[in-house]
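Residue indices begin at 1 and follow the sequence shown.
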Amino acid sequence: MTAATQPLAGIKVVEFSTMITASLATMMFAQQGADVIKVEPPGIGDPMRWLGSQKAGISGLFHNCNQAKRSITLDLKAAEDLAHARQLCLQADVVIHNYRPGVMDRLGLGSEALREEKPELIYCTITGFGHEGPLSDRPAYDHVMQAMAGFMTLQGHPEGFAYVKTLICDKITAYTAAQAITAALFARERTGRGQHIDLSMLESCIAFLWPDGGMHLTLHGEDVAHGAPFADYYQLPLRTTDGAIAYAAMTDAHWDAIFDIVGRADLKTEEKYKGMANRSIHMAELAAIIASEKPEMTSAEMVATLARQDVPAAACLSLADLPANQQVLAMGIFEQTDHPLLGPVQHVTPPARFGGSKLAPAGPSPALGEHNAEILAELAAHPQP
């Protein structure tokens, strides 16, 4: 698929942000053909550039969230740079930021001011806790949001509290923003009008967690027959001689196969484990019983045995295992490219296929201010009336 036929070719996005939420959202647009201009402060730029493994002022994390973008450094406290930022916004289809409430308004770059001049503009603001309430002016980071949105209680249940060891709240918010902006672009095609999009990390994460995490809190009334929430299905994996496997037993036949493979055929006759309704009520204890067994089989042997009974199962892989995995290789999930500053890099291809084809390889992540001259020249060539 060429850049010209990518679904968002011709769309211009201007991003004012630090860290993950807005950066990952706009990278999805860049991968799909949009021209994304990342506005960074002079000096260190987006702090994400300096987190973790890095080379030439670009970390692996920054690269993974900023491929195919252009970078311009602007000091928004300087009048000339602020004027450039405003011009960029008024030439864009989408403006997105994750600054605290009020910051962009004070700079004259708020949604109302820009959309009054350009009604077709789509303006997305991402906050931690929204614009109302006692926490609305507080900073929000993934660790804090995992606690506030219920992830840590869910992960640590029943013993205590535990993090999901990835930036899950940041990434959930990024995907929420990308979907909302895409919907707004679709609406604009119909109406010709842009709109303001306001979303918070807290709302995004609770909405993400609730369908299964809150399934036992959804129905109210004394006549509700409560079963186990899906959290109870996520007990310890089934240990093998060389690691562990995960399994998803959903039918009676699946459970019979699991009982056989762990040498607990006696569980088939236990009334409380017969049928989905009974198992649902006692799922936590049943999963714990299964996890306590350790059949003398390798992970590959166990997965193959369960596959013959059509039980969904997979070996527990590390991230380092993934690029060489046969299924991952067959799907072409990873690609290696040469970055002009970083040299060889390995990254994940965009997961959505359009017209049955993978998107063209994304461009490199930018050096800080790499495109200053290029973008300023474009602004000079198209001055605001």
Side-chain angles (χ1 to χ4, degrees), residues 8 11-32 34 36-41 45-49 51 61-62 64-66 69 71 74 76 85 88-89 92-115 121-149 151 166-185 187 194-210:
L8 292 180
I11 296 296
K12 178 173 283 189
V13 180
V14 176
E15 170 203 328
F16 299 85
S17 77
T18 60
M19 300 304 290
I20 311 294
T21 54
S23 295
L24 182 58
T26 58
M27 189 187 76
M28 289 184 248
F29 290 121
Q31 290 176 324
Q32 294 172 12
V36 178
I37 297 174
K38 185 179 181 75
V39 179
E40 301 185 70
D46 187 336
M48 184 167 40
R49 288 181 174 276
L51 290 177
L61 176 61
F62 181 89
N64 289 339
C65 294
N66 290 280
K69 298 181 186 180
S71 169
L74 295 175
L76 299 182
L88 275 175
C89 292
D93 297 285
V94 178
V95 172
I96 182 172
H97 75 83
N98 65 356
Y99 294 163
R100 291 200 206 185
V103 170
M104 293 292 272
D105 289 322
R106 290 193 293 272
L107 292 169
L109 301 177
S111 177
E112 188 173 331
L114 291 177
R115 289 186 305 111
L121 179 66
I122 294 165
Y123 191 105
C124 180
T125 177
I126 300 173
T127 60
F129 300 102
H131 297 273
E132 299 84 26
L135 300 179
S136 59
D137 63 345
R138 297 290 297 156
Y141 288 91
D142 195 272
H143 288 66
V144 174
M145 198 56 62
Q146 285 199 35
M148 186 77 181
F151 282 91
T166 183
L167 296 169
I168 190 166
C169 292
D170 285 332
K171 291 184 283 186
I172 287 167
T173 307
Y175 276 79
T176 304
Q179 189 281 325
I181 293 169
T182 303
L185 286 168
Q195 59 185 291
H196 177 80
I197 299 170
D198 190 16
L199 60 92
S200 70
M201 289 181 70
L202 183 60
E203 286 178 292
S204 299
C205 291
I206 293 175
F208 175 87
L209 194 60
W210 193 260

- Message: Would Ile181 and Phe29 count as a side chain to side chain contact (heavy atoms under 4.5 Å, CB included) here? Give the steps.
- Response: CA-CA 10 Å; Ile181 293 169; Phe29 290 121; 3.6 Å; yes
- Start with the C-alpha distance between Ile20 and Leu61, add both sets of side-chain angles, then the distance that settles side chain to side chain contact (heavy atoms under 4.5 Å, CB included), and finish with yes or no. CA-CA 9 Å; Ile20 311 294; Leu61 176 61; 3.9 Å; yes
- I would like to know whether Phe62 and Leu51 meet side chain to side chain contact (heavy atoms under 4.5 Å, CB included); could you show each step before the answer? CA-CA 8 Å; Phe62 181 89; Leu51 290 177; over 6 Å; no
- Task: Kindly indicate, with the supporting measurements, whether the criterion side chain to side chain contact (heavy atoms under 4.5 Å, CB included) is fulfilled by Thr173 and Asn98.
- Result: CA-CA 11 Å; Thr173 307; Asn98 65 356; over 6 Å; no
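At least one donor-acceptor pair closer than 3.5 Å links the side chain of Arg100 to the backbone N or O of Asp137. Side-chain atoms of Lys69 come within 3.5 Å of backbone atoms of Ser23 as a donor-acceptor pair (strictly under, hydrogens ignored). Put simply, the side chain of Glu40 gets close to the backbone of Asp46: a donor and an acceptor are under 3.5 Å apart.
Partners of His143 according to the ring-ring contact (aromatic ring centres under 6.0 Å, His included) rule, which considers only residues two or more places apart in sequence or in another chain, are Tyr163. For the side-chain hydrogen bond (donor to acceptor under 3.5 Å, both in side chains) test, no residue two or more places apart in sequence or in another chain qualifies with Asn64.
The distance from the NE2 atom of His97 to the OG1 atom of Thr125 is 3.0 Å, given to the nearest 0.5 Å. The CD atom of Gln179 sits 11.0 Å away from the CE atom of Met28 when rounded to the nearest 0.5 Å. Within the model, atoms OG1 of Thr18 and CZ of Arg49 stand 12.5 Å from one another, a figure rounded to the nearest 0.5 Å. Note that CD1 of Ile96 and CD1 of Ile126 are 4.0 Å apart. Values are rounded to the nearest 0.5 Å. Here the straight-line distance linking atom CG of Asp170 with atom CD of Gln146 works out to 9.0 Å at 0.5 Å rounding. Summarising the geometry, atom SG belonging to Cys124 is positioned 4.5 Å from atom CG belonging to Leu199; distances are rounded to the nearest 0.5 Å.
Inter-residue side-chain proximity for Leu135 and Leu202 is flagged as unmet; no heavy-atom pair is nearer than 4.5 Å. Put simply, the side chain of Val144 does not reach to within 4.5 Å of the side chain of Arg138, judged on heavy atoms. Lys12 is listed as a side-chain neighbour of Asp93, based on a closest heavy-atom distance under 4.5 Å.
Between Gly128 and Met145, the shortest heavy-atom distance links the atoms O-CE, 3.6 Å. Closest heavy-atom contact between Gly110 and Asp105: CA-OD1, 3.2 Å.
Just one of Asp142, Thr166, Thr21 meets the side-chain hydrogen bond (donor to acceptor under 3.5 Å, both in side chains) condition when paired with Lys171; it is Thr166.
Between Phe16 and Tyr99, the two ring planes are perpendicular [angle over 60°; tilted spans 30° to 60°].
With hydrogens and angles left out, the side-chain atoms of Thr26 and Lys38 include no donor and acceptor closer than 3.5 Å.
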